[in-house]
Amino acid sequence: MLAVMAIALSGAMASAQSRWTITPEAGLTVNKENEGKTATTLGFKVGAGVLYKFHEAEGNRPSFGIKSGLYLLMQKGDYHTWNTVFNPSGSYWSYGDNRGYYSGSYDPELGYGGAGQGTDGDKRPTPGVRTDEMTRYYLQIPVMAHWGFRLADDVRLNLAVGPYVAVAVGGTTEACQAMDGDIDYRTWESFNPFKDKTFDNGAYLKGQPRFDWGGTASAGIEVRRVSFQIGYDLAWGKYHKDQNDLRIRNHQVSFTFGYRF
């Protein structure tokens, strides 16, 4: 009796283990910011996907499971600022598009400065900053429904869709100061865009939000244990910490190769 129970238990454990697969993946990404002026940029994606199958493919019936994992992403994109700019009566908020001069004429009723407008009306920048493109690194966790279609004995078509969450682990960008209506291109400074930054001219940049979330989907071909995946991410993460509306931040396409264990 004990022998029968041991055999049954070992069979159940083997069956459960066969439902789990781990696939290390690596490849390139193509990122496009939804707002701003930065062109399409290249990055990378590396990590491992974890798949649990509720049932295998049978005939025309696809397999079904849940796919997750952990990935490190490198993206390049616009550095959108939400900064406090110095003026004699105190600091005030100003929000501008990428690579503009984030200061401007102060409106006492509205309580903020207009981006790109100098106080003397000639559109020269008052004390502020001009930003450059930023590079950011995220740890991403997707949670996707996964379907596997058997095309031949050793060939499968895989489809997956679901949400993802991500957190920034670091990054870098550059900015130079604008003082007395002139841009000082000699003062380009590198800094982490996810941390607050204060410049010599009094301009203050709030750190970018670290949390990101959105939707993700992928399609790929698996031949025996080797796979090629094309993925698409639609990001809804905030541009700045004081953003109250919901906007698409960026679109990303990934091309990765993997090996299933």
Side chains of [X] and [Y]: does their closest heavy-atom pair fall under 4.5 Å?
X      : Y      : result
Lys76  : Met74  : yes
Thr23  : Ser227 : yes
Leu72  : Leu139 : yes
Phe191 : Thr173 : yes

### Message
Running the 4.5 Å side-chain criterion over Ile, Leu, Val, Met, Phe, Trp and Tyr, what cluster does Phe261 land in, apart from itself?
### Response
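Hydrophobic cluster check, Phe261: joined to Val226, Tyr259.
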### Message
Go through it in stages, so that I can follow the logic: the residues are Asn31 and Glu33, the test is side-chain hydrogen bond (donor to acceptor under 3.5 Å, both in side chains), and I'd like the CA-CA distance, side-chain angles, deciding distance and then a yes or no.
### Response
CA-CA 7 Å; Asn31 184 58; Glu33 303 291 290; 2.8 Å; yes
Please work out which of the three classes, parallel, tilted or perpendicular, describes the rings of [Y] and [X], given edges at 30° and 60°.
X      : Y      : answer
Phe228 : Phe255 : parallel
Trp236 : Trp213 : parallel
Tyr137 : Phe44  : tilted

### Task
Determine, step by step, whether His251 and Asp233 satisfy the side-chain hydrogen bond (donor to acceptor under 3.5 Å, both in side chains) criterion, reporting the C-alpha distance in whole Å, the side-chain angles of both residues, the deciding distance to 0.1 Å, and the verdict.
CA-CA 6 Å; His251 308 262; Asp233 294 346; over 6 Å; no
### Task
Give a yes or no on this: more than 12 heavy atoms of other residues, nucleotides or ligands lie within 6.0 Å of atom CG of Asn244.
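Atom CG in Asn244 is not crowded, with 12 or fewer foreign heavy atoms closer than 6.0 Å.
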#### Entry: Ile248 with Phe211, same ILVMFWY side-chain cluster at under 4.5 Å
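Linked, Ile248 and Phe211 end up in one cluster.
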### Task
Go through the steps for Glu58 and Arg150 under the test salt bridge (Lys or Arg N to Asp or Glu O under 4.0 Å), then give the verdict.
CA-CA 8 Å; Glu58 298 178 0; Arg150 181 177 296 170; over 6 Å; no
### Query
Would you say the side-chain atoms of Ser218 pair up with the backbone N or O of Gln229, donor to acceptor, closer than 3.5 Å?
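Checked: no pair found.
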### Query
Does Arg19 use its side chain to pair, donor to acceptor, with the backbone of Phe54 at less than 3.5 Å?
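Yes, because the side chain of Arg19 sits within donor-acceptor range (under 3.5 Å) of the backbone of Phe54.
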#### Entry: Step-by-step side-chain hydrogen bond (donor to acceptor under 3.5 Å, both in side chains) determination, Glu25 to Tyr71
CA-CA 9 Å; Glu25 301 176 59; Tyr71 299 92; 2.8 Å; yes
### Message
Show, in sequence, the C-alpha distance, side-chain angles and deciding distance for Ser190 and Glu174, and conclude whether the side-chain hydrogen bond (donor to acceptor under 3.5 Å, both in side chains) test is met.
### Response
CA-CA 4 Å; Ser190 297; Glu174 288 186 321; 3.3 Å; yes
#### Entry: Closest contact, heavy atoms only, Pro62 versus His55
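Between these two residues, the closest heavy atoms are O-CE1, 3.0 Å.
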#### Entry: Residue pairs, two or more places apart or on separate chains, that pass salt bridge (charged side-chain N to carboxylate O under 4.0 Å, His left out) and touch residues 207-224
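Counting only pairs at least two positions apart or across chains, the salt bridge (charged side-chain N to carboxylate O under 4.0 Å, His left out) contacts touching residues 207-224 are Asp154-Arg224, Glu222-Arg260.
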